[in-house]
*Asks:* 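Take a look at the following structure, please.
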Amino acid sequence: MAPKGKVISCRAAVAYGPGQPLVVEQVQVDPPQKMEVRIKILFTSICHTDLSAWKGESEAQRAYPRILGHEASGVVESVGEGVIDMKEGDQVVAIFNGECGECIYCKSSKKTNLCGKFRVNPFKSVMESDGKCRFRNKDGIPIYHFLSTSTFTEYTVVDSACLVKIDPHASLDKMTLLSCGVSTGLGAAWNTADVQTGETVAVFGLGAVGLAVVEGARTRGASKIIGVDINPEKRIKGEAIGITDFINPKEIDVPVHEKIREMSEGGVDYSFECAGNMQVLREAFLSTHDGWGMAIVLGIHPTPKLLSLHPMELFDGRRIVASVFGDFKGKSQLPFLAEQCMAGVVKLDEFITHRLPFEKINEAFQLLLDGKSLRCLLHLS
Ligand code: APR
Ligand code: ZN
Ligand code: ZN
């Protein structure tokens, strides 16, 4: 049993510099302060955003030493003053896009899932309440936080706004995927686009995010789901999850949007950009049907390039919007998504391609870097 209210010593994978292998070492984790929760992490996984931050190429603040990671599930070890919605032993999932429930953003019923205080923030590296770190290494040096969660550790401290209580009967390993990638893609189809039975969809980039969009569109009964990827191997996984057609842009001699318009009677109802590429985003936009088509941006575009889009093009009735965390209000809406997964409506198994013990985290990074894994689950305990 961990000592409540006291500092915990445990293993964590610490990033000491961009691109340097993570160092698995003992760290000290402080008790949770007001409105914070300390959790024992049982499973964590690596997302593309961790990779970009680790390489130092994303917009995330370059703060070292740092504990990266933002996809995790575990159990509550102890709660700080004022936390009333969770208690020791509860099963929880971490979310990087928090929900305080009290600000004007959180109180807007459907307008936004961005919280005034705890919305996704790559520049934040300390706790909200006092601007300090809850981790220290063996030399007593503070270790910075990442995306309000920092999950590559046996214990972490997060604001209660960034934790979701999950059904105690849910399989926690699978629930880890709801922390980011799967919720982001699935929610983009369910909430942002609100795909209806019989509608048509094109998904650009069949990584975990794009495939989760495919899963979302399939569960909604989309009649055509066109997967687009420059990697021909993505067709197999795409078909296993639900694409009805596949386009490899390198294998056709017309622009992708022309091909898609031809395949879908003038354009798809919704297109999703999940590759993080500006040119792909323009193709996605032009692939939608004029009059009502909607292009949804999910990819992260770190370079300061602007989208090449003439304002007059919007007069054709195509819309372009972005989707953060699948437009889910995490704390209040993720339990429903968890139920859908438990009921088998949403299938998570296809997304877990590898499992490794936590200490092999650098191997798991390599798998994602090499495009070999969708999600590698790291087991702690
Ligand atoms: N056209 C089509 N597909 C492309 C292109 C392109 N020009 N360039 C890359 N892709 C494909 C890749 O082959 C890969 O299958 O896009 C897919 C991206 O998948 P991942 O790299 O696994 O990324 P994922 O984790 O799904 O995230 C997608 O969201 O979180 C952000 O930074 C992340 O921008 C990325 C996006
Ligand atoms: Zn809020
Ligand atoms: Zn992520």
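Values below: all heavy atoms of this structure, side chains included; hydrogens, waters and symmetry mates excluded. For ligands, and for the atoms within them, numbers begin at 1 and follow the listed sequence.
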*Asks:* Tell me, do V14 and N137 make a side-chain contact under 4.5 Å, heavy atoms counted?
*Replies:*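 Heavy-atom side-chain distance check fails, nothing below 4.5 Å.
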*Asks:* Would you say that V7 contacts D30 through its side chain, given a criterion of any heavy-atom pair below 4.5 Å between the two side chains?
*Replies:*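 Heavy-atom side-chain distance check passes, below 4.5 Å.
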*Asks:* Please state which protein non-hydrogen atom is closest to atom 31 (C) of ligand 1 and give its distance, to 0.1 Å?
*Replies:*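 Checked against all protein heavy atoms, atom 31 (C) of ligand 1 sits closest to I300 CG1, 3.5 Å.
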*Asks:* Could you tell me the residue and atom name of the protein heavy atom closest to atom 16 (O) of ligand 1, and the distance to it rounded to 0.1 Å?
*Replies:*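 The protein heavy atom lying closest is G205 CA, 3.3 Å.
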*Asks:* Taking the side chain as everything from C-beta on, heavy atoms only, tell me whether S73 gets closer than 4.5 Å to I166.
*Replies:*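 Contact flag for S73/I166 side chains = no.
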*Asks:* Quick one: do the R355 and H379 side chains pair a donor with an acceptor below 3.5 Å?
*Replies:*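 Per modelled atom types, R355 and H379 side chains form a pair under 3.5 Å.
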*Asks:* How many protein N, O or S atoms are found at a distance of less than 2.8 Å from the Zn ion (ligand 2)?
*Replies:*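 Excluding waters, the total comes to 4.
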*Asks:* Using 2.8 Å as the cut-off, note every protein N, O or S atom close to the Zn ion (ligand 3).
*Replies:*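 Short answer, with waters excluded from the count: C47 SG, H70 NE2, C180 SG.
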*Asks:* Assess whether atom NZ of K259 is packed by more than 12 heavy atoms of other residues, nucleotides or ligands within 6.0 Å.
*Replies:*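 No, the 6.0 Å shell around NZ holds no more than 12 heavy atoms from other groups.
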*Asks:* Parallel, tilted or perpendicular: which one describes the rings of F328 and F325, with boundaries at 30° and 60°?
*Replies:*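 Aromatic pair F328/F325 classed perpendicular.
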*Asks:* Please state which protein non-hydrogen atom is closest to atom 18 (C) of ligand 1 and give its distance, to 0.1 Å?
*Replies:*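 For atom 18 (C) of ligand 1, the nearest protein heavy atom is C274 O, 3.7 Å.
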*Asks:* Kindly indicate whether the side chain of T219, heavy atoms from C-beta on, has any atom under 4.5 Å from the side chain of W190.
*Replies:*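 Yes, side chains in contact.
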*Asks:* Could you list the atoms of ligand 1 found under 4.0 angstrom from a heavy atom of A275?
*Replies:*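 So the atoms of ligand 1 that pass are 4 (C), 10 (N), 16 (O), 34 (O).
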*Asks:* Measuring from S125:OG to R66:CZ, what's the distance to the nearest 0.5 Å?
*Replies:*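 Answer rounded to 0.5 Å: 5.5 Å.
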*Asks:* Which residue and non-hydrogen atom of the protein lie closest to atom 9 (C) of ligand 1, and at what distance in Å?
*Replies:*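 Closest protein heavy atom to atom 9 (C) of ligand 1: I230 CD1, 3.9 Å.
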*Asks:* Can you list the ligand 1 atoms lying under 4.0 Å from a non-hydrogen atom of L298?
*Replies:*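 Result: 29 (O).
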*Asks:* Could you give the distance from CG (L356) to SG (C376), rounded to the nearest 0.5 Å?
*Replies:*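 If I round to the nearest 0.5 Å, the distance is 4.0 Å.
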*Asks:* Identify whether the distance between the nearest side-chain nitrogen and carboxylate oxygen of D85 and K165 falls below 4.0 Å.
*Replies:*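 No.
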*Asks:* Looking at ligand 1, would A208 count as a contact under a 4.0 Å heavy-atom criterion?
*Replies:*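 Yes, A208 has heavy atoms under 4.0 Å from ligand 1.
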*Asks:* For Q196, is the CD atom crowded, meaning more than 12 foreign heavy atoms sit under 6.0 Å from it?
*Replies:*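 Yes, enclosed.
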*Asks:* Any idea which atoms of ligand 1 are less than 4.0 Å away from a heavy-atom of K234?
*Replies:*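 In order of number, 15 (O).
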*Asks:* Can you confirm whether Y105 is buried at OH, in the sense that more than 12 heavy atoms of other residues, nucleotides or ligands lie under 6.0 Å from that atom?
*Replies:*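 12 or below, so no.
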*Asks:* Give the numbers and elements of all ligand 1 atoms closer than 4.0 Å to a heavy atom of G299.
*Replies:*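 So the answer, numbered in order with elements, is 29 (O), 34 (O), 36 (C).
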*Asks:* For atom 14 (C) of ligand 1, what's the nearest protein heavy-atom neighbour? Residue, atom name and distance, please.
*Replies:*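 Atom 14 (C) of ligand 1 sits closest to the protein heavy atom D229 OD2, 3.5 Å.
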*Asks:* Which residue supplies the protein heavy atom nearest to atom 27 (O) of ligand 1, what is that atom called, and how far is it?
*Replies:*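 For atom 27 (O) of ligand 1, the nearest protein heavy atom comes out as V209 CG2, 3.6 Å.
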*Asks:* Tell me, do D349 and K174 make a side-chain contact under 4.5 Å, heavy atoms counted?
*Replies:*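 They are in side-chain contact.
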*Asks:* Counting both backbone and side chain atoms, is some N or O of H48 under 3.5 Å from an N or O of ligand 1?
*Replies:*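 H48 vs ligand 1: N/O contact under 3.5 Å present.
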*Asks:* Nearest 0.5 Å, please: how far is CG in N191 from CG in N113?
*Replies:*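 The distance works out to 8.5 Å.
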*Asks:* Using a strict 4.0 Å cut-off to heavy atoms of V280, name the atoms of ligand 1 that fall inside it.
*Replies:*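 With V280 as reference, the close atoms of ligand 1 come out as 1 (N), 6 (C), 7 (N).
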*Asks:* Considering residues, nucleotides and ligands other than F358, do more than 12 of their heavy atoms fall under 6.0 Å from its CZ?
*Replies:*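 Atom CZ in F358 is crowded, with more than 12 foreign heavy atoms closer than 6.0 Å.
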*Asks:* Could you check atom 22 (O) of ligand 1 against the protein and tell me its nearest heavy-atom contact, residue, atom and distance included?
*Replies:*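 Result: G207 CA, 3.5 Å.
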*Asks:* Are there more than 12 heavy atoms of other residues, nucleotides or ligands under 6.0 Å from atom CD of Q20?
*Replies:*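 Counting neighbours around CD of Q20, more than 12 heavy atoms of other residues, nucleotides or ligands fall under 6.0 Å, so yes.
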*Asks:* Counting from 1, what ligand 1 atoms have a heavy atom of G276 closer than 4.0 Å?
*Replies:*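 Result: 34 (O).
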*Asks:* Taking side chain as C-beta onward, heavy atoms only, is E215 less than 4.5 Å from E350?
*Replies:*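 A side-chain contact is absent here, since even the closest heavy-atom pair is not under 4.5 Å.
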